[in-house]
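As the structure lists them, so they are numbered: ligands from 1, and atoms in each ligand from 1.
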Amino acid sequence: MSEKRSELVKQLNVEEIRRDFPVLSRKVHGVPLIYLDNAATSQKPMAVIEAMNLFYQRENSNVHRGIHTLSEEATADYEAARKKIARFINAKSWREIIYTRNATESINLVAYSWGLANLHPGDEVLITEMEHHANIVPWQLIAERTGATLRYVPITLQGYLDLDKLNGLLTEKTKMFAFTAMSNVLGTIPPVKMLVEKAHAVGALALVDGAQAVSHMPVDVQAWNCDFLAFSAHKMCGPTGIGALYAKRQLLEEMPPFLSGGDMIRSVWMDHATWNDVPHKFEAGTPAIAEAIGFGAAIDYLQKIGGMEAIHRYEQEIIAAAMTALQEVEGLRMIGPPPEDRGGLISFALDGIHPHDAAAILDQDGIAVRAGHHCAQPSHDRLGIEATDRASFYFYNLPEEIDMLVRSLQRAQAIFHHP
Ligand code: C6P
């Protein structure tokens, strides 16, 4: 480990941080766990686990319904978490944050609510070839229902968006430009602010898929000026089952409800109903209350350990070190741009070894990576690769874990090529 890297580990106090995550001290197949599947979901610190336990132990009740103390406390904590989320991404108001189940549901909410009401034959929705299926399939379905056309910004072989082609694709027909702020396969971080500006210049709205970005870098929706931002708690130390949609308030006021039932209404008559104020207009039924409180605790935790700028810097060092170290593995092909243009994940293919076989050998050494197309088949198709292995890092990963990854991959090479 270089001096600079060990300095970084000290700065973020990584050794100490790791003690906050009970799962990081477990063993897998008799060896210490090395968790490099953070892009799929992150681990949870005790602060989050305890916040959720405390809710169930002390104040479990429904929100927005009761006059009794427990319900009032639960409602206050549930709404306080929403305010933390709003501040975390610098939204103007807590009213611009809708709780959803995850980033996928957030995108579906926009596609079904805004899309069905606003898209017509001849209109175009622009996405990119580096999208996760969550930002492809809802638009395919909505395009089919509305007669709109779905178009893609191509990616280059280096894993960048082909910005030369963008101008020709963004036209006055484009009504929505939906793109990721960080690819979960290539790691690429596109120029979000500039893409939003270009969308607005032709009168389109801009939806940013922040599933990989909000968890790993500072995000400021006012600076980006995006219209929508979708993200999940589980990738940022929070629980599964809860995510958020940020949307500009005016849009939320204009959009029809997505799901309907209790809590999202103001009044219901036999033949019609009226809607609650935003954001509650978009939150039907009993929500994920403990999970929302856990989401808030995750945000407190990320800020307590140093904040998103420090986390992003640390991960950039880690990924640069990982990409250098992986060059030592014979027959390993990395995809995507160089470290300075990516977040903390790297996908790779090993000559002559199926990614599932490589991942199984890594697992024997206690190393968790993801193998497959990572729910982003079009980007693999474009690069002519069926599947990859992906190592994805978070602030609690240590540089030593990269050395273990390299050694385990070399062991896989030896097993397959020199049995
Ligand atoms: N990617 C991965 O292993 P959900 O599942 O709704 O929390 O997030 C969906 C999603 C949307 N956009 C991007 C860029 C993503 O990476 C993901 C989730 C995970 O890469 C699980 S498939």
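- In this structure, Y396 has its ring center at least 6.0 angstrom away from the ring center of Y314.
- Every atom of ligand 1 is numbered from 1 in the order shown, and the set under 4.0 Å from a heavy atom of A40 is 2 (C), 3 (O), 19 (C).
- Remark: ligand 1 atoms within the under-4.0 Å shell around heavy atoms of A211 are 10 (C), 11 (C), 12 (N), 13 (C), 15 (C), 17 (C).
- In terms of protein heavy-atom proximity, atom 18 (C) of ligand 1 is closest to K235 NZ, 2.8 Å.
- At a 4.0 Å heavy-atom cut-off, ligand 1 touches D209 through the side chain alone.
- Residue contacts with ligand 1: H374 is placed with no nitrogen or oxygen under 3.5 Å of a nitrogen or oxygen of the ligand (distance criterion only).
- Looking at C375 against ligand 1, only its side chain comes within 4.0 Å, counting heavy atoms.
- Of the charged side-chain nitrogens involved, at least one lies within less than 4.0 Å of a carboxylate oxygen, so that R82 and E283 count as a salt-bridged pair.
- Between D300 and K84 there is a salt bridge, with a side-chain nitrogen of the basic residue lying less than 4.0 Å from a carboxylate oxygen of the acidic one.
- Protein heavy atom nearest atom 6 (O) of ligand 1, with residue, atom name and distance: T104 OG1, 2.5 Å.
- Contact annotation for R390 and ligand 1: only side-chain heavy atoms (C-beta onward) come within less than 4.0 Å of the ligand.
- For an aromatic pair to be called close, the ring centres must be under 6.0 Å apart, and H132 with H374 fails this.
- Within 6.0 Å of CZ on R411 lie more than 12 heavy atoms contributed by other residues, nucleotides or ligands.
- By the 3.5 Å distance cut-off applied to N or O atoms, H234 is counted among the residues near ligand 1.
- Taking the ring centroids of H216 and H312, they lie at or beyond the 6.0 Å cut-off.
- Nearest-residue assignment for atom 17 (C) of ligand 1 (options E105, H132, R370; heavy-atom criterion): H132.
- We find that R266 and D277 are joined by a salt bridge, their nearest charged nitrogen and carboxylate oxygen being less than 4.0 Å apart.
- In E131, neither the side chain nor the backbone holds a heavy atom less than 4.0 Å from any atom of ligand 1.
- Residue A103 approaches ligand 1 through these ligand atoms, each under 4.0 Å from one of its heavy atoms: 6 (O), 8 (O).
- Between Y246 and F231, the ring centre distance reaches or exceeds 6.0 Å.
- Between Q158 and the options D162, T156, I155, a side chain to side chain contact (heavy atoms under 4.5 Å, CB included) holds for only T156.
- Applying the 4.0 Å criterion to heavy atoms of Q212 picks out, from ligand 1, the atoms 1 (N), 14 (C), 15 (C), 16 (O), 20 (O).
- Of the candidates G210, A233, S232, G241, the one placing a heavy atom closest to atom 7 (O) of ligand 1 is S232.
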